Participant: 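Let me give you the structure first, and then I'll get to my questions.
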There are 2 protein chains.
Amino acid sequence: MQRDTRQRRAIRAAFKEAGHPLSPKELLELARREVESLGIATVYRNLRALEKEGWIEAVELPGESPRYEVAGKGHHHHFHCQDCDRVYEVEGCPGNLKSITPEGFELESHEFVLYGRCETCAA
Amino acid sequence: MQRDTRQRRAIRAAFKEAGHPLSPKELLELARREVESLGIATVYRNLRALEKEGWIEAVELPGESPRYEVAGKGHHHHFHCQDCDRVYEVEGCPGNLKSITPEGFELESHEFVLYGRCETCAA
DNA sequence: AAAGTATTGATACTAGTTTCTCGTTAGCTT
DNA sequence: AAGCTAACGAGAAACTAGTATCAATACTTT
């Protein structure tokens with residue numbers, strides 16, 4: 001049976017407070033504010049468990065190792081800040097996708113990443 | 001000075017014949033049809049050299065290690081076939097990007113990937 | 001054709017990320 | 001509160017992608 005540990009609570013809390021996708025390292029840092037002895041192995045163990053139970057899902061960005069965000073947010077995309085390297089969610093979707101899909105290809109889904117500077121770094 | 005070797009010719013030829021982005025492994029396979037002794041180290045060496053001289057450029061897709069395509073094609077995006085795992089180029093661009101960029105964020109560039117089945121695999 | 005050296009191929013190595021191992025800790029149940 | 005054992009922490013190990021090493025090969029020039 002699954003236990004409700006300090007570590008797991010800290011990890012869940014970190015996701016909720018952050019509100020944007022977190023890499024394992026970012027997650028470790030954030031959750032250590034709560035449980036400072038937290039180890040990286042525990043982070044990975046819980047990421048796997050939380051993903052399996054559907055509470056988080058992986059966010060893969062070009063040339064980056066995966067980040068994770070709380071699941072069930074509906075269709076959205078991401079903004080990657082080139083200064084602070086953080087990833088933000090963006091609402092909305094450009095649409096128009098079928099028109100650029102080549103003849104005979106079956107479009108199933110799409111991913112879409114904006115690059116630039118976030119509000120904080122742009123200032 | 002740079003030499004014109006069988007290996008380098010085979011690699012260039014593979015890019016031109018393929019007409020779509022190639023991973024180092026794909027490139028190795030293709031170029032081995034021409035030079036069967038070709039080693040992976042040589043592939044990486046030439047990828048680096050060709051990228052440096054601007055003849056190819058890297059194509060980064062979510063969760064994938066980089067592929068490379070012949071440079072200088074103008075703005076375009078990519079279609080990743082989930083069956084054969086090949087990547088194709090697609091013309092056009094949805095536009096409309098500023099409207100979904102959050103307040104205060106500075107948009108610099110974007111990347112955009114379609115997923116589904118290519119013509120061959122859809123048949 | 002010979003000499004000089006850039007390039008090759010095989011393999012060892014590095015770097016980064018994720019997983020495994022195992023003794024210890026701490027939730028949960030009774 | 002005692003016992004059971006899931007979960008933890010630290011470090012070793014595995015995996016992957018890419019780079020470095022070095023003797024052998026093969027372009028180029030003379």
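Worth saying up front: this structure is predicted, and the values here are computed from it rather than measured. Just the heavy atoms: all of them, side chains too, but no hydrogens, waters or symmetry mates, feed the values below.
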Participant: So which nucleotide from C:dT11, D:dC8, C:dT7 ends up closest to the side chain of B:Gln2?
Facilitator: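 Ranking C:dT11, D:dC8, C:dT7 by closest atom to the B:Gln2 side chain puts C:dT7 first.
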Participant: Can you find a donor-acceptor N/O pair under 3.5 angstrom joining the side chain of A:Arg45 to the base of D:dG9?
Facilitator: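 Side chain to base: pair found, below 3.5 Å.
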Participant: Taking the side chain of A:Arg8 as its heavy atoms from C-beta onward, which of C:dA10, C:dT7, D:dA7 lies nearest to it?
Facilitator: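 Nearest listed nucleotide: D:dA7.
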Participant: Nearest to the side chain of B:Thr42 - C:dT17, D:dA17, C:dG9?
Facilitator: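 Looking only at side-chain atoms, B:Thr42 lies closest to C:dG9.
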Participant: Hey, is the side chain of B:Arg48 pairing donor to acceptor with the base of D:dT19 inside 3.5 Å?
Facilitator: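 Checked by distance alone, the answer is no.
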Participant: CG of A:Leu27 versus P of C:dT17: gap in Å, rounded?
Facilitator: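 It works out to 15 Å between those atoms.
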Participant: Looking only at side-chain N and O atoms, does B:His80 offer a donor or acceptor that is under 3.5 Å from a partner on A:His110?
Facilitator: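 Side-chain D/A pair, A:His110 to B:His80: absent.
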Participant: How many Å lie between CZ on A:Arg6 and C1' on D:dG9, as a whole number?
Facilitator: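 Distance check: A:Arg6 CZ to D:dG9 C1' gives 13 Å.
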Participant: Applying side-chain hydrogen bond (donor to acceptor under 3.5 Å, both in side chains) between A:His78 and each of A:Glu111, A:Glu69, A:His20, A:Glu89, report the one that passes.
Facilitator: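 Looking at A:Glu111, A:Glu69, A:His20, A:Glu89, the match for A:His78 under the side-chain hydrogen bond (donor to acceptor under 3.5 Å, both in side chains) is A:Glu69.
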Participant: Rounded to whole Å, how long is the line connecting atom CD1 of A:Ile40 with atom C1' of D:dG9?
Facilitator: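 Answer to the nearest Å: 12 Å.
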Participant: Could you check how far CD of B:Glu53 sits from P of C:dA6, rounded to whole Å?
Facilitator: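 For the pair B:Glu53 CD and C:dA6 P, the rounded distance is 17 Å.
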Participant: Less than 4.0 angstrom between a side-chain N/O of A:Thr5 and OP1 or OP2 of D:dA7, yes or no?
Facilitator: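 It does not, given that no N or O in the side chain of A:Thr5 lies less than 4.0 Å from OP1 or OP2 of D:dA7.
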Participant: Would you mind classifying the nucleic acid contact of A:Leu38 as base, sugar-phosphate or nothing, using non-hydrogen atoms under 4.0 angstrom?
Facilitator: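 The answer is sugar-phosphate, as A:Leu38 gets under 4.0 Å only of primed atoms, P, OP1 or OP2.
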Participant: Return the nearest nucleotide to the side chain of A:Tyr44; candidates are D:dG9, C:dT7, C:dT18.
Facilitator: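 Nearest to the side-chain atoms of A:Tyr44, counting from C-beta on, is C:dT18.
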Participant: Is a salt bridge present between B:Asp85 and B:Arg117, judged by a nitrogen-to-oxygen distance below 4.0 Å?
Facilitator: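 No, B:Asp85 and B:Arg117 are not salt-bridged.
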Participant: Expressed in angstrom and rounded to an integer, what is the separation of A:Ile11 atom CD1 from D:dC8 atom P?
Facilitator: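 Value for this atom pair: 7 Å.
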Participant: Just say parallel, tilted or perpendicular for the rings of A:Trp55 and A:Phe15, cut-offs at 30° and 60°.
Facilitator: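 Rings of A:Trp55 and A:Phe15: perpendicular, over 60°.
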Participant: Using a cut-off of strictly less than 4.0 Å, decide whether B:Asn46 has a side-chain nitrogen or oxygen near OP1 or OP2 of C:dT8.
Facilitator: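 Yes, within the criterion.
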Participant: Write down the distance between CZ (A:Arg3) and P (C:dG27), rounded to a whole number of angstrom.
Facilitator: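 Spelled out: CZ on A:Arg3 to P on C:dG27 is 9 Å.
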Participant: Under 4.0 Å between a side-chain N/O of B:Lys25 and OP1 or OP2 of D:dT16, yes or no?
Facilitator: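 False: B:Lys25 side-chain N/O out of range (4.0 Å or more) of D:dT16 OP1/OP2.
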Participant: Taking for each residue the nucleotide of DNA chain D bearing the nearest heavy atom, is the 5' side occupied by A:Val35 or by B:Gln7?
Facilitator: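 Between the two, 5'-proximity favours A:Val35.
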Participant: For B:Arg9 and C:dT7, give me the distance from atom CZ to atom P, rounded to whole Å.
Facilitator: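 Those two atoms, CZ and P, are 13 Å apart.
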Participant: Return the value, rounded to whole Å, for the distance between atom CZ of A:Arg67 and atom C1' of C:dG16.
Facilitator: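 The answer, rounded to whole Å, is 15 Å.
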Participant: Would you mind telling me which residue lines up with the more 5' stretch of DNA chain D, B:Asp4 or B:Tyr68, judged by nearest nucleotide?
Facilitator: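 The residue closer to the strand's 5' end, by nearest nucleotide, is B:Tyr68.
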Participant: Parallel, tilted or perpendicular: which fits the ring planes of A:His77 and A:Phe112, with parallel below 30° and perpendicular above 60°?
Facilitator: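 Perpendicular.
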